[in-house]
Colleague: 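Once you've had a glance at the structure underneath, I'll fire off some questions.
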Amino acid sequence: MANSRREFLAKSSMSLLGAAMMTNAAEAKTGRQTPSTPGAPPAFGTAPPVGPVVTPETFIEAEKLMQVELTPPELAQAAGNWQQSIAPLYERRQGPKKMALADTDVPATIWNPAIPQVAIGVGRDIFVGSGGHDLPLPANDEDIAYATTTQLSRWIQSRKITSERLTQIYLKRIAQFDPKLRCIITLLPEQALAQACAMDKELAAGASRGPLHGIPFGVKDLLDTAGILTTYGAEPFRNRVPEHDSTVVKRLKEAGGVLLAKLSLGALALNDIWFGGQTMNPWLLEEGASGSSAGPGASVAAGLVGFAIGSETQGSIISPSMRCGVTGLRPTFGRVPRTGAMTLSWSCDKLGPMARSVEDTMLVLDAIYGPDERDLACAKQPLSFNVKQSMKGLRVGYFPEWMKSDPATDVDRHALEVVKSLGWQPVALAMPTAPYDSLNIILFAESAAAFEELTLSHKDAELKMQVSDAWPNTFRQSRFLSAVDFVQADRMRRKVAEIMARMFKNVDVMLVPSLRDEMLVTANFTGHPSLTLRAGFVEVSEARSDWAPDPKHPLPKFSLPRRVPHGVTLIGRLFEEGILGQAGIVLEEAFNVASERPKGF
């Protein structure tokens, strides 16, 4: 800020401020805050003065945060009636007329990803699985544990294995391997075994609840479970016990699933460090599993559960699925109800399955999707999936420039060649240059609102991670975001949704490097579904991390490169997870790399 401007303020605007404040004080003293003439409406800026005195110097410092500049008279006028005009708007949390907001109080505005004139949800509810083969039950428990949910279901339905035995197998593996991985927050052995026995009795009586009947599963520990700790992976919530099951947990139980464990997540759904430590990657124990669905990624990869439920706001299913070599399905925003799930962002949060095959994720999605009266953003849209439907002529969009640069790898480029070898039609795409990361003001503002009490009470200091890129700092900084910029980002969000709609006029799915920032941000804010699946392996000479580089704590390096799985990501049209699944199954078979396991597990 120029010195001449400050000197001018000192000499001139302070007198303007003094006059304005004297006038305001006189009006406050006489009690004249609104016009007294009958029939005259109230005016902005005439409320009783509240809060501390604000000066032009206060605004000058705030200008640095907002990147705006007012003239000296404008500064004097703004400061002069701040206490009457803007400060009263904070009464909701400052008082004296406070209004508490419960966790279940959602914003009045709801993000609708649909674009006018673009049809979505075409078709009807249909689910046709592979039918499968009657494979013999393996002789050893490890092979059983690593079987896909689809295969486990066939063995249970044909009475080759009981749910109780399968649950015991996973409990034994958890006891053996979780100390290395730290992927379990709360284990439920007694409850799980009781539920497994109940499922076995039902099946023996001829009653099957469907393909998930008797399958042990885990959920990310931000999904409420009645009478069971639901901690969000965060110190301030580690003793939190909800009264009701979340809708997704309830639906999985109704489908016959056996809840085995509450799985780790980075504290408040960020990265892979929680109050119990860091969740590690089974393929490379020197690095984190990535997050925030770290526990689902690690537990599925290590054969500790049949399948898991993760969540994504921006990369939290995609990233651990890619790093841990599992399959992750991020459904369309509004496809799966979030009732009873921790809120990070009302307009971006999504719940989805993580499993060992593409078909597994579709089986789980079929059990959990559909409207819920308590999640107003949840849409009533059909799910159409037919594994036997021909994918001939599928149009696959890709971004040539993205395939040439990081984070794309040879695996990503090979995946594009596989697309061509299948006879599918590759379609080159390009995204307009735009500040897509600007959309994150919506995430930052919503998350800071969701955890306002944590920040204002300073309990955020209890969180393990206090680095600049962790939530505590982001929540604090977000208190100073501009509401005007938030609205402008919301308007930009609609324009970005229109960009995606235009691209999808020419393609059925998009093939993208999983962690390409533009698409990772964009598709999450527009609400498009994604499917991440293992496509090959890469070699790394250094452990990877979700966190910003810290010279004081360098990541482990390896004298000999380590071989780890690498996943590619398909992006689909809104509510067309069925097409994603059908295409993913064909690619999964063509890649032929999904069956390899991490050594030592």
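Just so you know, these numbers use all the heavy atoms, side chains as well, and skip hydrogens, waters and symmetry mates.
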Colleague: Less than 4.5 Å apart, any side-chain heavy atom of R335 and any of L383?
Modeller: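 Yes, close enough: below the 4.5 Å cut-off.
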Colleague: Hey, what do you get for CE (M280) to SG (C183), rounding to the nearest 0.5 Å?
Modeller: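 With rounding to 0.5 Å, CE (M280) is 12.0 Å from SG (C183).
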Colleague: In a check of side chain to side chain contact (heavy atoms under 4.5 Å, CB included) between V358 and each of V387, L587, T327, T148, which one passes?
Modeller: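 For V358, the side chain to side chain contact (heavy atoms under 4.5 Å, CB included) check succeeds only for T327.
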Colleague: Tell me whether the count of non-hydrogen atoms from other residues, nucleotides or ligands lying under 6.0 Å of NZ in K250 goes above 12.
Modeller: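 Counting other residues, nucleotides and ligands, NZ of K250 stays at 12 neighbours or fewer.
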Colleague: Does the separation of the ring centres of H528 and F333 fall below 6.0 angstrom?
Modeller: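 Not close enough - the centres of the two rings lie 6.0 Å or further apart.
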Colleague: Is it true that the side chains of H566 and D412 contain a donor and an acceptor less than 3.5 Å apart?
Modeller: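 The criterion, which ignores hydrogens and geometry beyond distance, is satisfied for D412 and H566.
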Colleague: R330 versus N524: any side-chain heavy-atom pair under 4.5 Å?
Modeller: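 With C-beta onward as the side chain, the pair touches.
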Colleague: Is the closest side-chain donor-acceptor distance between S321 and T532 under 3.5 Å?
Modeller: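 Looking only at side-chain atoms, T532 and S321 do not form any donor-acceptor pair under 3.5 Å.
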Colleague: Between S292 and K220, is there a side-chain donor-acceptor contact under 3.5 Å, judged purely by atom types and distance?
Modeller: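 Present: a donor and an acceptor within the cut-off.
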Colleague: Side-chain donor-acceptor pair under 3.5 Å between E577 and T332, yes or no?
Modeller: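 Looking only at side-chain atoms, T332 and E577 do form a donor-acceptor pair, the distance falling under 3.5 Å.
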Colleague: If we ignore angles and hydrogens, is there a donor and acceptor under 3.5 Å between the side chains of D125 and Y369?
Modeller: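 Their side chains do contain a donor-acceptor pair, which is all the 3.5 Å distance test asks for.
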Colleague: Any chance you could measure E539, atom CD, to R562, atom CZ, to the nearest 0.5 Å?
Modeller: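 Between E539 CD and R562 CZ, I get 11.5 Å after rounding to 0.5 Å.
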Colleague: May I ask you to decide if the ring planes of F451 and F475 are parallel, tilted or perpendicular, using 30° and 60° as cut-offs?
Modeller: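 Parallel, since the angle between the ring planes stays under 30°.
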Colleague: Hey, can you tell me if F601 and F177 have their rings parallel, tilted or perpendicular (30° and 60° cut-offs)?
Modeller: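 Correct class here is tilted.
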Colleague: Please determine whether the number of non-hydrogen atoms from other residues, nucleotides or ligands lying under 6.0 Å from atom CD of E589 exceeds 12.
Modeller: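 Not buried by this count: 12 neighbours or fewer within 6.0 Å.
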Colleague: Within 45° of the ring axis of W111 and under 6.0 Å from its six-membered ring centre, is that where the NZ or CZ of R493 lies?
Modeller: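 Satisfied, under 6.0 Å and within 45°.
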Colleague: Out of curiosity, I317 CD1 to I309 CD1, how far, rounded to the nearest 0.5 Å?
Modeller: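 Going from CD1 on I317 over to CD1 on I309, the span is 8.5 Å.
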Colleague: Please work out which of the three classes, parallel, tilted or perpendicular, describes the rings of F127 and F385, given edges at 30° and 60°.
Modeller: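 Geometry flag for F127 against F385: tilted rings.
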Colleague: If you round to the nearest 0.5 Å, how far is CG of D360 from OG1 of T150?
Modeller: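 Answer for the OG1-CG pair, T150 versus D360, is 4.0 Å.
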Colleague: Give a yes-or-no answer on whether the side chains of S468 and N473 include a donor-acceptor pair shorter than 3.5 Å.
Modeller: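 Per modelled atom types, S468 and N473 side chains form no pair under 3.5 Å.
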Colleague: For the atom pair OG1 (T569) and CE (M322), what is the distance rounded to the nearest 0.5 Å?
Modeller: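 The OG1 atom of T569 sits 8.0 Å away from the CE atom of M322.
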Colleague: Without hydrogens or angle criteria, can the side chains of R154 and S130 be said to hold a donor-acceptor pair below 3.5 Å?
Modeller: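 Yes, side-chain donor-acceptor contact under 3.5 Å.
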